[in-house]
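Numbered from 1 within each chain, the chains take letters A, B, ... in sequence-line order.
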Number of protein chains: 2
Amino acid sequence: MKHVTIKDIARYLSISVSTVSRALVNDKNVRKETKEKVLEAARILEYKPNPIATNLKYGHTNTVGVIVPEMVTPFASKVVSGIQNVLYANGIKVIVADSGEDPEIERENLKLMEHFMVDGIIISLCSWRKNAEDYRRLQKSEMPMVFYDRIPHGLDVPQVLVDDYRKSFFLIEKLILGGRKRIVHIQGPDDIYNSQERLRGYMDAMAKYKLPVEADSMIFKAGMTFEAGAEVAETLVKKGIGFDAVFAFTDTLAIGVMNRLRELGKKIPEEVAVASFSGTELSTIVYPKLTTVEPPLLQMGEKAAELILEKIKNPDCPNRKEVLNAEIRMRESSGNIHPE
Amino acid sequence: MKHVTIKDIARYLSISVSTVSRALVNDKNVRKETKEKVLEAARILEYKPNPIATNLKYGHTNTVGVIVPEMVTPFASKVVSGIQNVLYANGIKVIVADSGEDPEIERENLKLMEHFMVDGIIISLCSWRKNAEDYRRLQKSEMPMVFYDRIPHGLDVPQVLVDDYRKSFFLIEKLILGGRKRIVHIQGPDDIYNSQERLRGYMDAMAKYKLPVEADSMIFKAGMTFEAGAEVAETLVKKGIGFDAVFAFTDTLAIGVMNRLRELGKKIPEEVAVASFSGTELSTIVYPKLTTVEPPLLQMGEKAAELILEKIKNPDCPNRKEVLNAEIRMRESSGNIHPE
DNA sequence: GCAGGTTCCGGGAACGTTCCCGCAATCGTT
DNA sequence: AACGATTGCGGGAACGTTCCCGGAACCTGC
């Protein structure tokens, strides 16, 4: 597997290595004819530039790391697609690591990216508080970072997300207009910005229609898996709590609740409506189909990639915050009120 | 972000670069005390070895590429986890590309991996025929490759898979013993080994019980998406074909059929049982839960990683074929006959 | 026709490592 | 005490590129 190098071309044409290099990077200080000769020679010798040599020269690795909170949902894979769309076009490798909703693993992943000397990190959190120290250290060492979707609470970092508050508000409003009065909320991790925002949207919508919210019987904190959702469903019916709708932080959670609720005899959506945030294709294959807020995942990835590119080029550029528009998808799980 | 190098350590200790290098790689030709001094200095100077320098030196990139056929299912992400488990432990980066069941994209991904000069490729096909040329070229250029799950038809390459034939056979047998007589099969791409094997398992099981199989009304070829499955469901009921079970190549396909069948009024599993291969967590969140053959995904990834490591170390080593054991999961979609 | 400017090219250092080679000092053997 | 063998270390080339510097050849304008 001997690779042909720039030297081989030089030798082949009895020309200097420098000239070949110049010809290849389109430097102006080279005659048209020689440039063409070099290009021709490169073609017939099947020359392929060796990225690691230039990487060493320039001191970067041409790879960015992506750390995603989970991968059982196609959420992350869609975003990663978007990221790759723009990064691959710029000759940058993408390595992705899955935290499995575990802060410990997230921390490991961070270390891993450092070890691999990536040029930048794109990340969606599973917990901010647990690893805040590491993020700060990384930021101090001028590692370019951009956050997407699940971002840290109140921090000046480049970020791309959707309007969690407004979308949650409108979604809850639609449930209420559809006749639901006792809407239970399953919260996300409380050190993540989005949890607070979605909760706030829920609260404000409930307040607008003067619907009571009892913190201990209508707001639940859980993990992030199907199973965690199922457990909330159990306590909900075991404690005999009266409710006619559930709004979950994530579609994983929502699917978990919905399925267990059905198994426990609740009719969906007749007796209880189910809705969630961060929907993916998954919400269309469950029964009934799940009402959810669907962020533009591909675009989210592309934007994140653009931001990291910007940061890599100029580490001192201002931290931009991109807010994308998410679609509210009303489906059967909520009684399909106000279809779009 | 100035990095401290081996030279800094050498200067700091008034010692030669060579000695520092030797101390760091545990060469025997260095005194214990100097080694300790170097290690100490490395610690307090916060030295981190620069992988790209050694990569250039040794002529490899320390990354392997993984090409997966799809990512809407968590199948690939689990396998990738397994791969990362062993590769990360060996200091090797993993970059993954998703072909989205499109041979064209698969081809692009192949090119991409070449361009990034990965040390090896682990791949699960979406089509063999369309890109056979590229694979052969790659193999001729001595690029280490290992295939998992979806492998090319009859070719001597390192591969890790499950026993598609036997598992399909037993699964169909269980359906038959559960009372199903007219079992429809939805085939996978016909240039993939697994399609042939699963079909063969289906045929032989049907034959064993003397059940007729009419090729044009019981065997269907489709795409690989939920939608493709749904379309088969449509033609099935529109043409008024009599059937009491469906066995699909993949759970994506199965979920597609099952959901549309239900929408069209078929009772599952009472009227028709549904079963599939290559099941993941997805098959437990749909309604009813899906009967499927579940390969040991993590282990599959780990084995694939071990094989690629072997190939990288010694390109001339024999092409091993690892057959893993898959579990048949009987669930509600098939009437839950013979539960384990 | 000559100073000054362009254009084009070659030499060689540099990026951070590893490793071969050679030399000095120490060791063990007789 | 003298010898080769071993141990410990430094010098420097090499991996494949880029890029600075300097020099040769050519053009320009007076």
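Here the side chain of A:R31 is nearest to one of C:dT17, D:dG16, C:dC8, namely C:dC8. When the nucleotides C:dC9, D:dG11, D:dT17 are ranked by their closest atom to the side chain of B:S16, D:dG11 comes out on top.
Between the C1' atom of D:dG8 and the CG atom of B:D27 lies a distance of 10 Å, rounded to the nearest Å.
Sorted by first and then second residue, the ring-ring contact (aromatic ring centres under 6.0 Å, His included) pairs with a member in residues 73-94 of chain A read A:Y88-B:F116; sequence neighbours excluded.
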- Task: Indicate for each nucleotide in nucleotides 18-24 of chain C, in 5' to 3' sequence, whether protein heavy atoms under 4.0 Å reach the base (B), only the sugar-phosphate (S), or nothing (-).
- Result: BBB----
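For the pair A:K35 and C:dC8, the criterion of a side-chain N or O lying under 4.0 Å from OP1 or OP2 is not met.
Taking the charged nitrogens against the carboxylate oxygens, A:R107 and A:E104 have no contact shorter than 4.0 Å, which rules out a salt bridge. By the 4.0 Å N-to-carboxylate-O rule, A:E310 lies close enough to A:R320 to be salt-bridged with it. Between B:K37 and B:E40, no side-chain nitrogen of the basic residue sits less than 4.0 Å from a carboxylate oxygen of the acidic one, so the salt-bridge criterion is not met.
Counting non-hydrogen atoms of neighbouring residues, nucleotides and ligands closer than 6.0 angstrom, the NZ atom of A:K35 exceeds 12 such neighbours.
Listed by chain and residue number, nothing satisfies the side chain to side chain donor-acceptor pair (under 3.5 Å) test with B:K93 (two or more places apart in sequence, or in another chain).
Note on B:I52: nothing from the nucleic acid sits closer than 4.0 angstrom, heavy atoms only.
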